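Here is the structure we will look at, set down as structure tokens.
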Amino acid sequence: MPALAAWSAWTAFPPSFAPDDSTLAEILDGGQAFRWYGPTEHGVWSGSWGDTFAEVRRHPSGVLEWRAVTADARDPAAAVHRYFALDQDWAGWMDRLPWRSDAHLARCQAAFPHLRLLRQPFGETLLGFLCSATKQILQIKQMMRLLAERHGEPVAPGIHRLPTWDALARVPEAELRRCLLGFRARYIHETALRLQAEPDWLAVTEASPYAVAKERLCSLPGVGEKVADCVLLFGAGQLEAFPVDVWILRALSDRYGLQGWSPAQVARFGRAHFGPHAGLAQQFVFAWERRHGKAFPPDAATART
DNA sequence: TAGAGACCTGA
DNA sequence: CAGGTCTCT
């Protein structure tokens with residue numbers, strides 16, 4: 001009998017990563033990643049990326065901690081650090097956002113302490129957002145779950161990883177449709193074939209500067225500006241990426257007075273206003289709009305075009 | 001860098 | 001109708 005995958009011991013996250021429960025939920029299940037489930041009645045989140053399966057919970061002391069298993073039973077600490085980008089200068093980036101002159105941004109930052117951008121595996125991020133068109137988070141998660149169960153290798157007993165693009169290239173489009181993908185099945189199938197024909201395309205794209213990487217991504221079927229920016233922001237650490245979805249459109253319209261602006265115009269405004277880490281600002285504005293937007297109808301003072 | 005409709009399926 | 005893209009006018 002093969003060695004059973006073993007859990008690492010529960011390990012505390014560093015004090016620099018101390019989100020409250022609501023912010024943790026926003027990080028894990030707010031639309032960046034589609035592979036987290038929770039919290040259980042005991043407050044445990046479980047999720048997976050690549051070959052890693054992890055759990056996150058709050059110790060009675062209040063400290064956030066994690067444990068994980070990996071498919072080949074190597075120490076998962078490095079994988080966890082990379083995924084949560086624990087070695088990055090979040091405090092510095094936060095301080096360099098224009099919160100001093102932007103009261104709404106300051107409010108968003110205050111509302112989600114330690115909100116982070118995840119650094120997910122590039123290929124998986126692409127897969128997730130290729131499925132995201134006109135779908136809610138719940139439905140995207142369902143698609144990912146079916147893809148993993150039916151076409152991904154097991155990483156631990158009962159747990160399957162997402163299929164690699166190589167594996168996806170071997171799945172007929174009709175079979176993909178059975179994973180609730182709908183018209184997105186064609187995008188994924190065709191993308192898989194292209195990636196198969198060019199084995200280092202993903203790695204080269206991930207390592208390319210923002211503008212180049214975005215152009216490359218946009219050449220894939222089903223990938224437009226919004227999806228490309230999500231993939232680069234959540235799967236490549238490109239903080240310049242500024243995805244404009246309906247929430248950001250609404251937020252910039254209602255909070256910044258940009259009624260009637262097109263997505264392209266809003267994107268230009270976002271990069272100019274929020275600066276080189278616009279993608280980070282975007283995450284706060286996005287989270288705030290989803291959670292609190294309804295309680296704050298558009299401000300009459302800014303509601304002029 | 002305009003606007004409309006199609007594309008799948010299910011909450 | 002839904003966190004988008006593609007295509008055509």
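Every heavy atom of this structure was used, including side-chain atoms; hydrogens, water molecules and symmetry mates were not. Every chain is numbered from 1, with letters handed out A, B, ... down the list of sequences. No experiment lies behind these values; they were computed from the predicted model shown.
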Given Watson-Crick and G-U pairs under 3.5 Å, DNA chain C in dot-bracket ([ ] crossing, | other strand) is ||.||||||
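Sorted by first and then second residue, the pairs that involve residues 171-183 of chain A and meet side chain to side chain donor-acceptor pair (under 3.5 Å), not counting sequence neighbours, are E173(A)-R177(A), E175(A)-R178(A).
Between L126(A) and T191(A) there is a side-chain heavy-atom pair separated by less than 4.5 Å. The shortest side-chain heavy-atom distance between V244(A) and L252(A) does not fall under the 4.5 Å cut-off.
Residue order along DNA chain C, read from the 5' end via each residue's closest nucleotide, puts I140(A) first among I140(A) and P221(A). Nearest-nucleotide positions on DNA chain C for V223(A) and R290(A) put R290(A) closer to the 5' end.
Nucleic acid contact class of L220(A) (heavy atoms, under 4.0 Å, all strands): sugar-phosphate only. As judged by a 4.0 angstrom heavy-atom cut-off over every strand, G30(A) is placed among the base-contacting residues. Backbone-only engagement by E225(A) is indicated by non-hydrogen atom pairs under 4.0 Å involving sugar-phosphate atoms exclusively. Backbone-only contact: G222(A) has heavy atoms under 4.0 Å from sugar-phosphate atoms and none from a base.
Checked against the 6.0 Å centroid criterion, the rings of F84(A) and W66(A) do not qualify as a close aromatic pair.
For the pair R216(A) and W201(A), the cation-pi criterion (under 6.0 Å, within 45° of the ring axis) is fulfilled. Geometrically, R291(A) does not engage F112(A) in a cation-pi contact defined by less than 6.0 Å to the ring centre and at most 45° from the axis.
Atom CD1 of I248(A) and atom NZ of K226(A) lie 10.0 Å apart (nearest 0.5 Å). Here H42(A) contributes atom NE2 and R57(A) contributes atom CZ; the two are 10.5 Å apart, rounded to the nearest 0.5 Å. The CG atom of L115(A) sits 8.0 Å away from the CH2 atom of W90(A) when rounded to the nearest 0.5 Å.
In this structure, E215(A) places its CD atom where only 12 or fewer heavy-atom neighbours from other residues, nucleotides or ligands lie under 6.0 Å away.
One can place NZ of K135(A) at 9 Å from P of dA11(B), the figure rounded to the nearest angstrom. The CG atom of L130(A) sits 14 Å away from the P atom of dC8(B) (whole-angstrom rounding). If you measure from atom CZ of R178(A) to atom P of dG10(B), you get 13 Å, rounded to the nearest angstrom. Distance, I137(A) CD1 to dC1(C) C1': 16 Å, rounded to whole Å. Atom pair D229(A):CG and dG4(C):P shows a separation of 12 Å (rounding to whole Å applied). Rounding to whole angstrom units, NZ of residue K141(A) and C1' of dG10(B) are separated by 16 Å. The CD atom of Q142(A) sits 16 Å away from the C1' atom of dA2(C) (whole-angstrom rounding). To the nearest angstrom, P of dG10(B) lies 12 Å from CZ of R177(A).
Qualifying side-chain hydrogen bond (donor to acceptor under 3.5 Å, both in side chains) partners for R107(A), counting only residues two or more places apart in sequence or in other chains: H104(A).
Of the candidates dT5(C), dA2(C), dT1(B), the closest approach to any side-chain atom of R268(A) belongs to dT1(B).
Applying a 4.0 Å cut-off to non-hydrogen atoms, the residues of residues 242-252 of chain A that approach DNA chain C are D245(A), V246(A), W247(A), listed by residue number. For residues 181-195 of chain A, proximity to DNA chain B is found at G182(A), F183(A), R184(A), defined as any non-hydrogen atom under 4.0 angstrom from a strand atom.
The base of dT5(C) does not come close enough to the side chain of K226(A) for any donor and acceptor atom to sit less than 3.5 Å apart.
With both ends at atom C1', the span from dC8(B) to dA2(C) equals 12 Å, rounded to whole Å. Between dT1(B) and dT9(C), the distance separating the two P atoms is 23 Å to the nearest Å.
Across Q282(A), H277(A), E225(A), H273(A), a single residue satisfies side chain to side chain contact (heavy atoms under 4.5 Å, CB included) together with F242(A), and that is Q282(A).
Summarising the hydrophobic clusters (Ile, Leu, Val, Met, Phe, Trp, Tyr; side-chain heavy atoms under 4.5 Å, direct or chained), the residues clustered with V155(A) are W7(A), F53(A), V69(A), I159(A).
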